[in-house]
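One structure is given here, and the rest of the page talks about it.
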Amino acid sequence: VQLREKDLPSEELLPLAEALRKITGGRALLIVNGDVDVAAKCGADGVHLPEQAMPVLSARDVVGGGLLVGRSVHGVESALEAEKEGADYLVVGTIFPSRSHPGGELAGLTLLRRLRTLSTPYLAIGGLKSANAVQAISAGASGVAAITAITENPDPGRAAADLVAATQRAWEARRIPGSA
């Protein structure tokens with residue numbers, strides 16, 4: 001679960017993060033978007049950094065070595081830099097047209113394919129839903145991240161379950177025959 005409230009000041013974000021930590025504790029990872037201090041204070045599992053935020057190593061100085069540090073990227077160069085800095089994972093986008101970023105530039109499946117040489121796992125974001133998750137996984141993404149496909153669905157639980165099932169099918173299809 002990623003807490004992504006970019007407009008909240010830290011003093012308002014912290015109580016929300018602490019409440020989410022109680023809900024997710026032992027059930028799901030909690031990643032705080034952008035605010036390394038809040039991530040450290042609430043006991044989150046990690047922090048997610050925007051592409052133009054502080055370096056990964058600076059974030060690790062704040063959150064310590066036990067937390068995941070992820071980075072959003074929108075191109076090959078920024079992905080290579082984030083990997084070099086030691087990011088634990090990347091979120092790559094925008095892949096498909098997205099209501100949360102209308103009219104924005106699309107990185108598309110081509111970018112996912114170009115990143116296949118990375119050793120850092122990366123998730124596709126932007127317009128992802130169960131109907132197109134297989135395309136992102138087939139192009140090289142380790143997984144997918146979704147916002148609108150879940151939050152704007154009349155049955156968000158079903159939408160999330162469908163996305164998980166589609167992702168698992170995509171992983172199975174990508175698996176090399178005879179591999180474990």
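Basis for what follows: all heavy atoms, side chains included, without hydrogens, waters or symmetry-related copies.
Checked by atom type and distance alone, the side chain of Ser78 never pairs as donor or acceptor with a backbone atom of Val73 at under 3.5 Å. Glu85 contributes no side-chain N or O that, together with a main-chain N or O of Leu57, makes up a donor-acceptor pair within less than 3.5 Å. Between the Arg169 side chain and the Val164 main chain, no donor and acceptor come within less than 3.5 Å of each other. When atom types are taken as modelled, the side chain of Trp171 and the backbone of Gly143 share no donor-acceptor pair closer than 3.5 angstrom. Judged by distance alone, with hydrogens and angles left aside, the side-chain atoms of Asp155 form a donor-acceptor pair with the main-chain N or O of Arg158 at under 3.5 Å. Listed for the Asn153 side chain is no donor-acceptor partner under 3.5 Å among the backbone atoms of Ile150. A distance-only check finds no donor-acceptor pair linking the side chain of Asn33 to the backbone of Leu3 [under 3.5 Å]. Distance alone, capped at 3.5 Å, is enough to place a donor-acceptor pair between the Asp45 side chain and the Leu30 backbone. Side-chain N or O atoms of Glu83 include one that pairs as donor or acceptor with a backbone N or O of Ser119 at under 3.5 Å. Side-chain N or O atoms of Tyr122 include none that pairs as donor or acceptor with a backbone N or O of Tyr89 at under 3.5 Å.
Of all non-hydrogen atoms in Ala79 and Leu118, the two that sit nearest each other are CB-CD1, 4.1 Å. Considering every non-hydrogen atom in both Thr167 and Ala133, the closest pair reads OG1-CB, 4.1 Å. Residues Leu14 and Val38 share a closest heavy-atom pair of CA-CG1, 4.0 Å. Between Met54 and Val36, the shortest heavy-atom distance links the atoms CE-CG2, 3.9 Å. Shown here for Arg71 and Ala82, the closest heavy-atom pair between the two residues is CG-CB, 3.8 Å. When every heavy atom of Arg21 is checked against every heavy atom of Gly43, the shortest pair comes out as NH1-O, 3.1 Å.
A single hydrophobic cluster is not seen to contain both Leu29 and Val63; linkage of ILVMFWY side chains at heavy-atom distances under 4.5 Å, directly or through other members, places them apart. One hydrophobic cluster, built from ILVMFWY side chains closer than 4.5 Å, holds both Leu90 and Leu112. Clustering ILVMFWY residues whenever any of their side-chain heavy atoms sit less than 4.5 angstrom apart, transitively, puts Val92 in the very cluster that holds Leu109. Cluster membership check: Val32 does not share its hydrophobic cluster with Val62, using side-chain heavy-atom separations under 4.5 Å among Ile, Leu, Val, Met, Phe, Trp and Tyr.
The distance from atom CG of Leu128 to atom OG of Ser98, rounded to the nearest 0.5 Å, is 9.0 Å. With rounding to the nearest 0.5 Å, the separation of CG in Asp37 from SG in Cys42 is 11.0 Å. With rounding to the nearest 0.5 angstrom, the CD atom of Gln168 is 10.0 Å from the CG atom of Leu163. Note that CG of Asn132 and CD1 of Ile95 are 10.0 Å apart. Values are rounded to the nearest 0.5 Å. Rounding to the nearest 0.5 Å gives a distance of 7.5 Å between CG of Leu115 and CG of Leu80. The NZ atom of Lys129 sits 14.0 Å away from the CD1 atom of Ile147 when rounded to the nearest 0.5 Å.
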* To do: List the steps and the verdict of side-chain contact (heavy atoms from CB on, under 4.5 Å) for Val47 and Leu67.
  => CA-CA 7 Å; Val47 63; Leu67 271 67; 5.7 Å; no
* To do: Let me see the working for Leu111 and Val76 under side-chain contact (heavy atoms from CB on, under 4.5 Å), right down to the final yes or no.
  => CA-CA 7 Å; Leu111 177 58; Val76 173; 3.7 Å; yes
* To do: Report the C-alpha separation of Leu68 and Ile31 in whole Å, then their side-chain angles, then the decisive distance to 0.1 Å, and conclude whether the side-chain contact (heavy atoms from CB on, under 4.5 Å) test is met.
  => CA-CA 8 Å; Leu68 296 169; Ile31 307 294; 4.3 Å; yes
* Test log, rule side-chain hydrogen bond (donor to acceptor under 3.5 Å, both in side chains), inputs His74 and Glu51 -> CA-CA 8 Å; His74 300 92; Glu51 189 171 49; 2.9 Å; yes
* Dump the intermediate steps for side-chain contact (heavy atoms from CB on, under 4.5 Å) on Leu49 and Val69, then the final yes or no. => CA-CA 7 Å; Leu49 304 172; Val69 178; 3.7 Å; yes
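For CD of Glu105, the number of neighbouring non-hydrogen atoms (other residues, nucleotides, ligands) closer than 6.0 Å is 12 at most. Shown here is Arg114, whose CZ atom has no more than 12 heavy atoms of other residues, nucleotides or ligands within 6.0 Å. In the displayed structure, Arg27 atom CZ is contacted under 6.0 Å by at most 12 heavy atoms of other residues, nucleotides or ligands.
Qualifying ring-ring contact (aromatic ring centres under 6.0 Å, His included) partners for Phe96, counting only residues two or more places apart in sequence or in other chains: none.
Leu16 places a side-chain heavy atom less than 4.5 Å from the side chain of Leu8.
A salt bridge does not link Asp35 with Lys6: every distance from a Lys NZ or Arg NE/NH1/NH2 to an Asp or Glu carboxylate oxygen is 4.0 Å or more.
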